[in-house]
Amino acid sequence: MKHGLAIAPTSPTLRPITRVEDLVSQGLVTVDAGEALQPVVDRFQLRITPEIAALIERDTADGPIRSQFIPDERELIIQANELKDPIGDDAHSPVRGITHRYPDRVLLKPTHLCQVYCRFCFRREKVGSGAEQLSDAELDVALAYIADHPEIFEVILTGGDPFVLSDRRLAKIFDGLQSIPHVAVVRLHTRVATVDPDRITPDLIRILRRRFATWIGVHVNHVSELTTAASDAIARLVDAGFPLVSQTVLLRGVNDRVDTLTDLMRALVRLRVKPYYLHHLDFAEGTSHFRVPLDVGKRLVADLRGQLTGLAQPTYILDIPGGFGKVPIEPDWVEKVSERHYRVRDWQGRIHDYEDI
Ligand SMILES: *Cc1c(COP(=O)(O)O)cnc(C)c1O
Ligand code: SF4
């Protein structure tokens with residue numbers, strides 16, 4: 001809408017890409033490659049914003065932005081260990097739009113639409129389907145569920161991407177949450193601040209500012225996503241007083257190197273965003289070409305520990321398949337050798353004996 005109306009509506013480069021034809025006409029894939037991608041796009045939605053398309057134009061053939069957003073024939077390879085609901089959202093859904101897995105917090109998913117569809121998304125079976133928008137009545141039921149559960153301290157708006165909602169719809173949700181006294185924190189997880197930075201407007205910021213603490217989690221996987229426009233959008237949110245955290249998915253060929261992760265985490269801290277989670281990739285269908293072995297991930301985060309300020313350290317996270325929750329994956333720093341004796345590895349790999357009380 002913003003791109004269509006506010007800025008030159010005739011320029012095809014200013015509209016999101018949603019079809020293989022658009023990829024071809026914008027020169028992002030060849031005609032032949034486009035034909036081979038049609039079955040992929042029939043299976044998993046395609047959407048790329050103009051901001052991301054501009055980054056892809058400058059990227060190499062297997063570069064970090066291209067591979068996150070341009071469909072790939074390998075997505076049609078579904079492995080036996082891959083699941084439609086890899087983290088078991090459905091197992092903990094008491095009413096439509098709510099996932100209540102931990103006592104003190106719920107996910108509220110008002111939409112399954114996003115501004116971009118990431119080729120590795122853990123909810124790729126759900127995202128992109130218009131039918132998965134909560135109706136007004138369903139939203140009321142979801143809010144009533146939260147109101148009925150005083151143990152809920154935090155509501156996490158995710159989806160989909162909550163910032164694809166209109167101001168009116170977001171205001172309705174925030175008004176509803178505001179009227180539930182035990183909701184102390186509302187967190188939004190979004191890619192919009194970086195992939196559609198114009199969405200971060202003064203009106204939006206006014207809607208988010210409430211009696212509860214509004215936290216914002218931005219999903220960023222590579223430093224080149226932090227363009228000037230994206231950085232400015234992040235600065236508007238931080239300047240408005242919202243604490244920002246980041247989430248990164250560890251992806252083969254995108255960010256599975258110490259220097260790449262270092263650049264990203266430093267850039268985030270410089271933008272006043274606290275690196276929060278580095279996610280081990282979930283077993284979503286057709287994502288095997290992105291997988292990094294857990295041992296490799298452990299080595300990467302151990303190396304980051306020596307390389308980077310503590311402010312820039314994310315927690316490496318595994319979401320246990322089946323809906324059992326998230327656990328941190330730590331490098332093997334401390335090994336118990338006997339009753340009070342431990343062997344501790346420092347950041348340079350040297351081993352020290354430690355005698356506990
Ligand atoms: C990831 C997740 C959360 C949030 O977990 P934090 O560790 O608090 O970031 C909450 N509920 C569900 C169902 C989740 O998958
Ligand atoms: S923005 Fe988030 S929910 Fe949407 S496709 Fe990407 S990873 Fe999935």
Side-chain angles (χ1 to χ4, degrees), residues 16 18 44-49 51-52 65 67-71 75 85-94 97-129 132 146 149 151-165 184-196 199 215-222 225 243 245-251 254 274-282 284-287 290 314-329:
T18 56
F44 300 111
Q45 286 265 344
L46 165 66
R47 190 178 164 92
I48 295 172
T49 56
E51 288 76 7
I52 293 296
I65 307 298
S67 46
Q68 288 187 70
F69 299 106
I70 300 277
E75 292 173 49
D85 180 22
I87 64 168
D89 280 346
D90 296 341
H92 298 278
S93 183
I98 294 271
T99 303
H100 196 178
R101 184 200 276 163
Y102 303 106
D104 75 329
R105 57 211 191 273
V106 290
L107 305 185
L108 171 56
K109 293 179 277 189
T111 177
H112 280 128
L113 301 180
C114 301
Q115 277 294 351
V116 287
Y117 293 114
C118 312
R119 306 320 300 175
F120 50 84
C121 176
F122 65 122
R123 292 206 181 103
R124 60 190 329 211
E125 285 299 324
K126 294 264 169 60
V127 295
S129 154
E132 293 285 345
I146 297 168
H149 288 79
E151 72 275 21
I152 297 173
F153 166 81
E154 179 183 17
V155 175
I156 301 165
L157 280 163
T158 176
D161 195 314
F163 283 163
V164 306
L165 298 171
V185 175
V186 173
R187 185 189 341 166
L188 299 103
H189 280 298
T190 184
R191 267 210 137 178
V192 159
T194 47
V195 305
D196 182 25
R199 176 70 185 97
W215 285 63
I216 296 168
V218 292
H219 172 181
V220 188
N221 297 326
H222 191 273
E225 293 162 46
V245 297
S246 69
Q247 301 201 88
T248 298
V249 184
L250 182 60
L251 297 166
V254 173
K274 170 70 186 88
Y276 180 53
Y277 282 167
L278 175 67
H279 292 277
H280 188 70
L281 185 65
D282 298 312
E285 291 188 337
T287 58
F290 285 115
T315 304
Y316 184 31
I317 286 285
L318 173 69
D319 214 316
I320 306 167
F324 301 102
K326 295 182 177 68
V327 286
I329 310 165

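When a ligand or atom number is given, it counts from 1 through the structure's own listing order.
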Inset, instruction - Quick one: closest heavy-atom pair of Val192 and Thr190, and the distance? - result: N-OG1, 2.8 Å
Which residue and heavy atom of the protein sit nearest [atom], plus the separation:
{"atom": "atom 8 (Fe) of ligand 2", "result": "Cys121 SG, 2.3 Å"}
{"atom": "atom 6 (Fe) of ligand 2", "result": "Cys118 SG, 2.4 Å"}
{"atom": "atom 4 (C) of ligand 1", "result": "Ile156 CD1, 3.5 Å"}
{"atom": "atom 1 (C) of ligand 1", "result": "Lys326 NZ, 1.2 Å"}

Legend entry - Per-residue contact class, Val106 against ligand 1 - non-hydrogen pairs under 4.0 Å: neither
Inset, instruction - Would you mind telling me if ligand 1 is within reach of the side chain of His279, the backbone, both or neither, using heavy atoms under 4.0 Å? - result: neither
Legend entry - Element-labelled atoms of ligand 2 that are located less than 4.0 Å from some non-hydrogen atom of His219: 7 (S)
Legend entry - Proximal atoms of ligand 2 relative to Tyr117 (non-hydrogen, under 4.0 Å): 5 (S)
Inset, instruction - From atom 12 (C) of ligand 1, work out which of Val155, Leu107, Ile98 has a heavy atom at the shortest distance. - result: Leu107
Inset, instruction - Return yes or no for this condition: an N or O of Tyr102 is under 3.5 Å from an N or O of ligand 1. - result: no
Number the atoms of ligand 1 from 1 as they appear, then name those within less than 4.0 Å of a heavy atom of [X], with their elements.
{"X": "Tyr276", "answer": "6 (P), 7 (O), 8 (O), 9 (O)"}
{"X": "Tyr277", "answer": "6 (P), 7 (O), 9 (O)"}
{"X": "Arg105", "answer": "4 (C), 5 (O), 6 (P), 7 (O), 8 (O)"}
{"X": "Thr99", "answer": "13 (C)"}

Do the side chains of [Y] and [X] get nearer than 4.5 Å, heavy atoms only?
{"X": "Glu51", "Y": "Val195", "answer": "no"}
{"X": "Phe69", "Y": "Cys118", "answer": "yes"}
{"X": "Tyr277", "Y": "Lys326", "answer": "yes"}
{"X": "Gln115", "Y": "Phe163", "answer": "no"}

Distance, nearest 0.5 Å, that separates [atom1] of [X] from [atom2] of [Y]:
{"X": "Leu108", "Y": "His100", "atom1": "CG", "atom2": "NE2", "result": "12.5 Å"}
{"X": "Ile320", "Y": "Ile317", "atom1": "CD1", "atom2": "CD1", "result": "10.0 Å"}
{"X": "His92", "Y": "Tyr102", "atom1": "NE2", "atom2": "OH", "result": "9.0 Å"}

Inset, instruction - Output yes when Asp90 and Lys126 qualify as a salt bridge under the 4.0 Å nitrogen-oxygen rule, no when they do not. - result: yes
Inset, instruction - Assess His100 for proximity to ligand 1: is some non-hydrogen atom of it under 4.0 Å away? - result: no
Inset, instruction - Please determine which of His189, Arg191, His219 meets the side chain to side chain donor-acceptor pair (under 3.5 Å) test together with Gln247. - result: His189
Inset, instruction - Assess Cys114: does it contribute an N, O or S atom lying under 2.8 Å from atom 4 (Fe) of ligand 2? - result: yes
Inset, instruction - Answer with yes or no whether Val116 contacts ligand 2, where contact means a heavy atom under 4.0 Å from a ligand atom. - result: yes
Inset, instruction - Could you walk me through whether Arg199 and Asp161 pass the salt bridge (charged side-chain N to carboxylate O under 4.0 Å, His left out) test, one step at a time? - result: CA-CA 12 Å; Arg199 176 70 185 97; Asp161 195 314; over 6 Å; no
